[in-house]
Amino acid sequence: MTRSALALPIVLVLAAGCGGYAAPAPPAPANAADAAETAIPDQEAATPDPSPSDLAAMVATIEIVPAIIEVQRGDSITFRGILRDEAGNVVEGALWGVSTLGPFELRSIKDEIPETYVLRGTQYGEAVIGVFLGLAGPSPDQPNWTPAAEIPVKVNDYPVARIDIDPPGYASYAGTSFALTGRAITTAGEEHAEEMVEWSSADEAVATVTAGGRLELVAPGRVTVVGEAGGVRGELALDVVANPVERVAVSAPESRVRTGDVVRLAVSAMDGSGERVDDVALAYEVEGADGAAAATATTYMDGAFVAEEPGRFTVHVDAGTAAEAVDIEVFPREAAREVTLVGQGPLGTTSSDLWVFEGLDGRDYAYTGTMSAATMYAWDVTDPAAPSIVDSVSVDGRRVNDVKINDERTIAIVTSENASNRRNGITLIDITNPADPETITHYTEGLTGGIHNVWFVGDLVYAINDGTLDVHIIDISDPANPFEAGRWGLDKPNKYLHDVSVVDGIAYLSYWNDGLVMLDVGDGRWGGTPTEPQPISSYSYLYDINGALFGNTHHAIRYGDYVFLGDEIFGCPECDGPRGYVHVVDVSDIENPREVAEFRLPDAGSHNLWVEDDLLYIAYYQGGLRIVDVSGELRGDLLAQGREVASFMTTPEGENTTMAWGPQPYKGNIFVSDMRTGLWVMNLAPARVIP
């Protein structure tokens, strides 16, 4: 009996290693006489015992006990599988296993208790994990692992131990309102991944508070505000006093602005003697020209105003006992800029990253990697209208994910993953003759798990190791003899590090669901050196896509006061391709990063980024190339504000195959690698400003 796919009824299924169960061998005869006595003379009557794969082919249902697999971080749960045939009989000794990817650790105890696994929760989260049957394959050592079922598992966070409530940033003046902030802290000392603080007031005659934490100070008096989560209570005592404000003055430095421009309102609250009252909470409200609430404009608590659509807006500023208003006229942003195709270089394999540079011979080159051929291609792009491949370098591996060039334009590095001999690493290439690159050495020490991305800083290479999920710092001052000079990684299980960039002595690590991690690698203010990094701060997020939570911080690049973070999300429910968007994180106070804006293209997924001359270039997978104006201060929804100045679909005419991977502006043109269609060159027309 053979099966190519199974859809088995199942009570509930969990995960463990894709191992299997080997049926015990029959006991060996004690001696030759015993062997003769146990010999079966009639060979036609002998029936060989079914193999574990034969037994797996008999399985019709799998039942997991207990039926509900839910565990708290740090705790373990034991579960076992009961395999039955179509008649309901238990099948013992069948080859089966379960997948291991998820917020947990798994181990089989089948040697102690048949068909049993132990799951230990390590991280908060949910996962869909698979049960597999090991059907007959090319050999007993190579079974055909066939999916049998998919079942969700949930790991709950540690219990709430306390509620931390931040002191208000404003005085408790009657008539004012502001948001309270609080966090549920677990027994492990971390913010709870799921529990949200819910608020209440002990005396609503003095103050009221919404469940979400909006505090309204009603009248002078003493009041206790309560925050609760996970059965734990925290308290904040406030003395509400009379409001001293008698007059508010407000003005806009610029009364005529464009959509997306952030206007900093100048606001002063004064008491009866004309003295400024700086600790009062101000309330802002925006109205459109027709008097209705303006849903397309926002004013923040720090006095920043930004509009998504043109029009005349009135901003009201209220201090509780006095108010004032100011008018702001918003005009359209610059007209869309035209992008024209300059040239295209088709490639008969899947393209990955690229780097464009002027070679030491004075000609222009683009080096591109591949996702399937483990080859770096050297393109001559001196004539950008006619890119041509002049050479290539192949390495052992299934793909070259990343290509980087040093500042001196003498060495290229390509990364290796999935090598046939499992000796992945980085390949250093001599590019002093860029049209004829030659391998210097393939360095693997400590990097055999595979290298996904790298970044050059002088003679150091920061390499993302798929095996350790740390950043390894490789000294290549002698390119023929590299050596590891340092290393840094999060000290936790279930981490995943994807990318690194380094700007002005600070490394920006894209640590997937752990978000953006920033390290001192030479800045020095936090005690770090290029080979002995020290952590500065981090910023992480999870958001919902069709009922599933994702972080997936994939790529980070610093520009001015901002770090632009791109997600990479595959496999979200009901999505027809990759998803993810660009988060804009303000790092002007780098120890306290905060997300202030976003660029989110519907129904597409962001990939690699480049930012230069106030323009953010995004390879947006099936959304092609997107070019976004990131000049000035950034707040809110950049797409809705009209900050996208141009786009280009990297698809041959008449096709729908766009899968843009990486962008780079270079000498007035824009180069983009597309996974499916190779190298593209385009030109962006100069800006035209609407008067």
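- Interatomic distance, Glu568 CD to Asn608 CG, rounded to the nearest 0.5 Å: 8.0 Å.
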*Do Arg676 and Glu655 pass the salt bridge (Lys or Arg N to Asp or Glu O under 4.0 Å) test, and can you show the C-alpha distance, the side-chain angles, and the key distance before you say yes or no?*
CA-CA 11 Å; Arg676 295 171 175 165; Glu655 298 183 17; over 6 Å; no
*What do the steps show when you test His555 against His607 for ring pair (Phe, Tyr, Trp, His ring centres under 6.0 Å), and what is the final call?*
CA-CA 7 Å; His555 190 226; His607 196 241; 7.7 Å; no
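- A cation-pi arrangement, defined by a distance under 6.0 Å to the six-membered ring centre and an angle within 45 degrees of its axis, is absent between Arg594 and Tyr300.
- Of all the heavy atoms in Ile68 and Ile77, the pair that sits closest is O-CD1, 4.3 Å.
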*Audit row: Thr368, Trp379, side chain to side chain donor-acceptor pair (under 3.5 Å) steps and yes/no*: CA-CA 8 Å; Thr368 62; Trp379 304 73; 3.0 Å; yes
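- Within the 4.5 Å cutoff, no side-chain heavy atoms of Val155 are placed close to those of Tyr124.
- In this structure, CD1 in Ile62 is found 5.0 Å from CG in Leu83, a value given to the nearest 0.5 Å.
- A 4.5 Å side-chain heavy-atom check between Asn552 and Phe570 finds every atom pair outside the cut-off.
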*asked:* Go through it in stages, so that I can follow the logic: the residues are Glu612 and Tyr617, the test is side chain to side chain donor-acceptor pair (under 3.5 Å), and I'd like the CA-CA distance, side-chain angles, deciding distance and then a yes or no.
replied: CA-CA 8 Å; Glu612 186 175 298; Tyr617 300 84; over 6 Å; no
*Are Asp466 and Ile451 close enough, and set up right, to give a side-chain contact (heavy atoms from CB on, under 4.5 Å), and what steps lead you there?*
CA-CA 6 Å; Asp466 296 340; Ile451 300 301; over 6 Å; no
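- Each of Phe550, Tyr496, Tyr541 was checked for a ring pair (Phe, Tyr, Trp, His ring centres under 6.0 Å) with Trp512, and the lone residue meeting it is Tyr496.
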*Between Tyr559 and Asp614, does a side chain to side chain donor-acceptor pair (under 3.5 Å) hold up when you go through it step by step?*
CA-CA 9 Å; Tyr559 184 74; Asp614 288 342; 2.9 Å; yes
*Would you sort out whether Glu195 and Asp157 count as a side-chain contact (heavy atoms from CB on, under 4.5 Å), showing the intermediate values?*
CA-CA 9 Å; Glu195 292 284 357; Asp157 208 348; over 6 Å; no
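- Here the OH atom belonging to Tyr581 is positioned 11.5 Å from the CG atom belonging to Leu638, to the nearest 0.5 angstrom.
- Counting heavy atoms from C-beta outward, Thr340 and Asn683 have side chains that approach closer than 4.5 Å.
- In this structure, Phe599 and Val584 have side chains that are not in contact, with every pair of non-hydrogen atoms separated by 4.5 Å or more.
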_Arg558 vs Tyr508, side chain to side chain donor-acceptor pair (under 3.5 Å): CA-CA, chis, key distance, verdict_ = CA-CA 8 Å; Arg558 172 77 182 261; Tyr508 301 88; 2.6 Å; yes
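- For the side chain to side chain contact (heavy atoms under 4.5 Å, CB included) with Val582, the qualifying choice from Leu616, Leu639, Leu601 is Leu616, the only one to do so.
- When the shell of 6.0 Å around CG of Asn656 is examined, it contains 12 or fewer heavy atoms from other residues, nucleotides or ligands.
- Asp261 contributes atom CG, which lies 8.5 Å from atom CG of Asp629 (distance to the nearest 0.5 angstrom).
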*Stepwise, does the side-chain contact (heavy atoms from CB on, under 4.5 Å) test hold for Asp567 with His554?*
CA-CA 5 Å; Asp567 304 320; His554 163 271; 5.7 Å; no
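- A salt bridge does not link Glu190 with Lys492: none of the charged nitrogens is closer than 4.0 Å to a carboxylate oxygen.
- Here Leu516 contributes atom CG and Ser510 contributes atom OG; the two are 7.0 Å apart, rounded to the nearest 0.5 Å.
- Ring centroid separation for the pair Trp355 and Trp610 comes in under the 6.0 Å cut-off.
- The environment of Asp576 atom CG is dense: over 12 non-hydrogen atoms of other residues, nucleotides or ligands sit within 6.0 angstrom.
- Ser606 places no side-chain N or O within donor-acceptor distance of the main-chain N or O of Gly566, the cut-off being under 3.5 Å.
- By the 4.5 Å heavy-atom criterion applied to side chains, Thr415 and Asp353 are not counted as neighbours.
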*asked:* Evaluate Gln344 against Thr650 for side-chain contact (heavy atoms from CB on, under 4.5 Å), listing each step before the verdict.
replied: CA-CA 9 Å; Gln344 201 251 324; Thr650 50; over 6 Å; no
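- Taking the side chain as every heavy atom from C-beta outward, Trp680 and Leu625 never approach each other to under 4.5 Å.
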